[in-house]
Amino acid sequence: MADDVRRPRVLDVLAAEEPWEVPGAWLAQVRAQLKAWADDPEALRPLRPEAFPDFVKGTPAAVWFTHQAAPLLTGWIPVLHGEYADLPTELTREFYRPSSRLGGNGHVIYVAPTDWHLQAIAGARGFRENGRKHALQLSRNVAALFVDAPPMAARATALTAAFDRVLADRELTELHVTGEYDEIAKYWRTEALKDSERAVLPELAGPTAALRYSLNSVRDTHARMLMVSPDEYAGDFAQVLAELILASGLRGIPQSVANILGDAAIDVHKSLEEIHSAFTLTTWHGHVNQWMSRAIRSGQSVLARSWGAAAARVGVHLSGVLGKGPWPETEVPDLTTLFRMLDRERWSIIENAAAADQEASLSAAWKTVKDDEEEPKARTGGDGTLDDPLPEVVDFSDDPLAELDSLIGLESVKDAVRRMVAEVKTNLRRTELGLPSHERARHMVFVGKPGTAKTTIARLLSRIYHQLGVLEKGHVIEVDRSDLVGAAVGSTAPMTAAKFREALGGVLFIDEAYSLTPENTPGDYGLEAVSTILKMMEDHRNDCIVIVAGYHREMQRFMESNTGLQSRFPKLLSFSEYDTDQLVAIFELQARQKGMIYGEEVLDKVRTVIPPAPRGHSFGNGRFIRNVLEEAVSNQATRLSASDPDKLTERDLRELIPSDVRPPTSMRAEDYLLQKPGT
């Protein structure tokens, strides 16, 4: 690599799609918050030096908990690599002075009890009630530190939301302040998390749930790896689990694993009998490394990462780490080699990009024809003939207005958005010239059937307003009744206020808003949620945009349920149902965004799977088409799995054919995750 090509300093979480180049500003922000906690006289009492000798005297518990939580917010039993693999030490360097540090560019596996998120609360058990409540708030605030860090964002957001619900509920707060720790731990294992949160924080449900999650992860990623990268040595789930068991130094299936596998344990036992006599760790590592290398070279590095992370997680379980057993003497799988392959790919991309930039700058002076006026070069097929040029993948990530224009149909909605943008730009110019602005409230009502792009438009609006400087963050918080309305007296207003505060600087999108005011239900708690929203809209009129959405008729009833609603929502956007031609065009757009190519025969097949009009009240419109496309891509992968992967061309991997298009009948992801291994 050229000396002037900078290799960025990254935090590489194996289970993530790609390494994260850690911004210096983010590090400074977290360290500043830790220092603020250290300077806060109201902070929880400092750590006892004799119990935590590696931390400097006076270190507050918040800093210690940040040190513990940071790596675990990247995943359950995460594998961290890169210059920031020792992330806890990097963040807490002013307070944490260990006798030895992780050096170089190695990797580290973090393991903790399944109640790791309650460590600050557990440590405050001997405190007075005020101190225990402070520990609860501290736990929430530490999790919230990481909601903007991509590798930790999903888990940090879910954990913060769960803590917010506790703090918003008087009885739950009382449980954490006065209850026995076993009762608190039981609440978190059984009730604290929503299904979507449990999916990203599986270990919080306890050791059995964590092990089940790890086994399911191996089964799922192994099946997907076999589909895109067939291998003569890689068997089915039963074989790979048997290999992991032998690689961990065991000779049989641990009882805890067998209990979760159920009948599938029979297949694993048979595989163990078949392979144990010839199994050697070195040979197995070699086969796996070759498989991973081939997958990475063929553009499947994300899947290779997922497989490696899942296998490593099960290896830790099998090695007895969670049961205080010995740490495995050898890596399962060979993570050092896997990271070496991933690093080589990453550095190659950086070097190629640098070389391309240099070549482009040298040739720019000689270039006389604009790139967009050049005809794309034809590609040569395997038989020497010329193929038609492959279209570029559509990417609107940096241009929300262009993405708006690309949407199918919705002409009245697009026109309304353009007028709003023009209004904002005009008022910004008025302000620059010292003139009074003519601003109106930006809160909106969206009406239309499911799948008509209401949520998509909300997200685009948030990005557009962020680019214009109207919204500080430009994020969208999507909520429904369950996120705003509590089950007990006094719980609704705090829940609603917490969600509103979470949306500050962005958009609060309330789907099916009419469910907050059900018909013929006087005294429903949803009315309190509406009142709280109206008050906070007034208190934060320029800090957040509220969008309420739902069916036409029901939203009309909702707007009439409170006299303050109509005056605070001056804009109404109506989303029409798509006709068949528009649905086919949506398929084309979404396929291009995924980088897929197709012929007219494919579009004709798409027409046949779209239900004829008039369609039902709950027909999914664009959501239905997205399912059709996802089903087609999945069917294409199944079709290609029968071919030699080394002979597959870019066209093969991107092209859909009519037989790939079928009605969307695939199992939903949530149903799949609820299955037991082997079923």
Side-chain angles (χ1 to χ4, degrees), residues 44-45 47-48 50-52 60-62 64-73 75-77 110-144 155-156 158-215 254-257 259-260 313 316-317 320-325 486-488 490-491 494-495:
L44 197 62
R45 68 179 68 174
L47 302 172
R48 289 179 291 113
E50 67 276 11
F52 303 94
W64 171 82
F65 186 56
T66 301
H67 185 275
Q68 303 302 304
L72 296 173
L73 285 170
W76 172 235
I77 312 183
Y110 289 91
V111 183
T114 54
D115 61 347
W116 61 267
H117 60 297
L118 300 177
Q119 290 184 24
I121 294 170
R125 277 180 286 181
F127 292 9
R128 296 180 182 273
E129 290 187 8
N130 188 49
R132 292 184 63 177
K133 185 172 183 179
H134 197 105
L136 174 62
Q137 183 70 55
L138 174 156
S139 301
R140 180 265 177 209
N141 291 344
V142 168
R155 285 167 61 88
L159 187 56
T160 302
F163 275 123
D164 280 338
R165 287 195 295 274
V166 171
L167 289 163
D169 187 297
R170 185 178 303 169
E171 293 184 2
L172 292 177
T173 300
E174 185 71 13
L175 169 66
H176 286 69
V177 170
T178 63
E180 296 293 330
Y181 181 76
D182 288 345
E183 295 177 341
I184 298 171
K186 180 180 178 182
Y187 163 76
W188 280 90
R189 285 195 302 270
T190 58
E191 302 178 45
L193 302 180
K194 298 181 179 180
D195 290 344
S196 59
E197 296 163 349
R198 197 176 302 279
V200 296
L201 293 163
E203 75 277 15
L204 269 57
T208 299
L211 178 56
R212 181 182 293 110
Y213 162 75
S214 298
L215 292 170
Q255 188 59 49
S256 57
V257 175
N259 292 340
I260 292 173
R313 192 158 47 237
V316 171
H317 282 280
V321 173
L322 298 181
K324 298 183 180 179
S491 62
M495 284 178 62

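Along the sequence shown, residues are numbered consecutively beginning with 1. What you are looking at is a predicted structure, and each value in this text was computed from that prediction instead of being measured.
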Review point. Is H317 close to V257 at the side-chain level, that is, under 4.5 Å between some pair of heavy atoms?
Key: no
Q) Charged N to carboxylate O below 4.0 Å: is that the case for R313 and E203? A) no
Heavy atoms of S139 and F65 approach each other most closely as CA-CE2, 3.8 Å
Residue pairs meeting salt bridge (Lys or Arg N to Asp or Glu O under 4.0 Å), one or both in residues 174-191, sequence neighbours left out, come to none
So R198 and L204, do their side chains get closer than 4.5 Å, heavy atoms only? no
| request: Would you sort out whether L73 and W116 count as a side-chain contact (heavy atoms from CB on, under 4.5 Å), showing the intermediate values? | output: CA-CA 10 Å; L73 285 170; W116 61 267; 3.8 Å; yes
Smallest heavy-atom separation, V142 atom then A69 atom, equals CG1-CB, 4.2 Å
Heavy-atom nearest pair, L118 first then A185, reads CD1-CA, 4.0 Å
| message | Using a 3.5 Å distance criterion without hydrogens, assess whether the side chain of R140 forms a donor-acceptor pair with backbone atoms of D164. | response | no
Minimal heavy-atom distance between P202 and A209, with the atoms involved, is O-CB, 3.8 Å
Below 4.5 Å, heavy atoms only, C-beta onward: do Q137 and N141 meet side chain to side chain?
yes
F163 meets the ring pair (Phe, Tyr, Trp, His ring centres under 6.0 Å) criterion, sequence neighbours left out, with W188
On a heavy-atom basis, the closest approach of A61 and L138 is C-CD1, 4.2 Å
Next on the checklist: Is there a side-chain contact between L172 and R165 in this structure, where contact means two heavy atoms from C-beta onward sitting under 4.5 Å apart?
Outcome noted: no
D169 meets the salt bridge (charged side-chain N to carboxylate O under 4.0 Å, His left out) criterion, sequence neighbours left out, with none
